[in-house]
Amino acid sequence: IDPLATSGRITETYHRYLTSLLSLRDSCLAAGLAEKISSSGSMTKGPYLDVTPPYEKGASIRDLVDEGVLSAELLGVCSTALPADRPLYVHQERAIRKAVTGRSIVVATGTGSGKTESFLVPILDSFARERTAGTLGPGVRAMLLYPMNALANDQLKRLRQLLANYPSITFGRYTGDTAADPIKAREMFGQLNIGEPVLKNELLSREEMRATPPHLLLTNYAMLEYLLLRPQDMGLFPSDGDATWRFLVIDEAHVYDGTQGAEIAMLVRRLRDRVA
């Protein structure tokens, strides 16, 4: 993109808009207005160019596998959606190294800097290790908690790309938009995702998730309140020695402040008390 030419086109389009918006029948007045609009220095400012330096790169997923930080089984999950040989950013590598040891982490970095990989890679690595050990049965291992459905839906599309060729890891989105009946859920999927196949490892309905809880559960904080209360959803939160829960991801955590932040904190304590 040519930023200077693009700025000129935007300014020209804005001037044409103003001229048409304030259309005058008198040709002299119209010419004077057009001249004032085009020559005025207060209509637009800039362009201002903001150059963001690249993030520092570190080891790749394959490097971490060779080092023993990540499981070799994780390479089976890697694809064009999660390249094994592409260098990670240093902040991603640091987050992964801490998370695989059981540390809690906070990832605070810029937009487009790969925060998703910072928490997804350790989670997928944990699933891959369980599969190698033969213990990856039904049961929620990780919950991704979002402030709104739109963000959960975006992450769901990403997971379809990541896990399309690795059916051993199951996932599902449980929100107010999730249909209870499997047939209805598949009909809704077909309407919203024209031409896309239904993956074997994506649980589309509430009934399916209650029967065989997915390894990776996506929801929002409002639905989590209901899930912790409703008897029919108790299977998602086993409270005995068979509990499989390990990860809780609070995405977009910066939006929770004030009273809502306190409510989310209490919600997380309730969840931990149930499953830990």
Check whether [X] reaches the backbone of [Y] with its side chain - one donor and one acceptor, N or O, closer than 3.5 Å.
{"X": "Ser20", "Y": "Arg16", "result": "yes"}
{"X": "Arg173", "Y": "Leu156", "result": "no"}
{"X": "Asp2", "Y": "Ala5", "result": "yes"}
{"X": "Asp63", "Y": "Ser60", "result": "yes"}
{"X": "Lys115", "Y": "Gly110", "result": "yes"}

Common cluster, [X]/[Y], ILVMFWY with side-chain heavy-atom separation under 4.5 Å:
{"X": "Leu218", "Y": "Leu227", "result": "no"}
{"X": "Val69", "Y": "Val77", "result": "yes"}
{"X": "Phe127", "Y": "Leu203", "result": "no"}
{"X": "Tyr146", "Y": "Leu236", "result": "no"}
{"X": "Leu75", "Y": "Val100", "result": "yes"}

Pairwise side-chain contact, [X] with [Y], heavy-atom cut-off 4.5 Å (strictly under):
{"X": "Met148", "Y": "Val255", "answer": "no"}
{"X": "Leu4", "Y": "Pro47", "answer": "yes"}
{"X": "Leu88", "Y": "Leu64", "answer": "yes"}
{"X": "Arg141", "Y": "Glu130", "answer": "yes"}
{"X": "Thr178", "Y": "Thr219", "answer": "no"}
{"X": "Trp245", "Y": "Leu271", "answer": "yes"}
{"X": "Gln155", "Y": "Leu120", "answer": "yes"}
{"X": "Thr13", "Y": "Tyr17", "answer": "no"}

Closest non-hydrogen atom pair between [X] and [Y], with its separation:
{"X": "Ile61", "Y": "Pro83", "value": "CD1-O, 4.0 Å"}
{"X": "Cys28", "Y": "Asp26", "value": "N-OD1, 2.9 Å"}
{"X": "Gly58", "Y": "Pro87", "value": "O-CB, 3.5 Å"}
{"X": "Leu136", "Y": "Ser168", "value": "CD2-O, 3.7 Å"}

key: Tyr256-Tyr221 aromatic ring centre distance below 6.0 Å   = yes
request  = Determine which pairs satisfy side chain to side chain donor-acceptor pair (under 3.5 Å) with at least one residue from residues 77-92, sequence neighbours left out, and list them in order.
outcome  = Arg62-Asp85
query = So Arg158 and Thr116, side chain to side chain donor-acceptor pair (under 3.5 Å) or not? Walk me through it.
reply = CA-CA 10 Å; Arg158 178 75 187 280; Thr116 298; 4.6 Å; no
query = Looking at residues at least two apart in the chain, or sitting in another chain, which of them share a side chain to side chain donor-acceptor pair (under 3.5 Å) with Asp181?
reply = none
inquiry  = For a salt bridge (charged side-chain N to carboxylate O under 4.0 Å, His left out) check, start with the C-alpha distance between Glu225 and Arg270, then their side-chain angles and the critical distance, and finish with the verdict.
reply    = CA-CA 9 Å; Glu225 287 272 8; Arg270 287 168 52 203; 2.8 Å; yes
query = Should Asp125 and Arg129 count as an ion pair when the cut-off is N to O under 4.0 Å?
reply = yes
ask   = When you check the gap from the basic side-chain N to the acidic O, do Arg186 and Glu208 get nearer than 4.0 Å?
value = yes
query = Looking at Asn201, Thr244, Thr170, which one forms a side chain to side chain donor-acceptor pair (under 3.5 Å) with His215?
reply = Thr170
query = Using links of under 4.5 Å between side-chain heavy atoms of ILVMFWY residues, direct or through other members, which residues join Leu204 in one cluster?
reply = Phe189, Val198
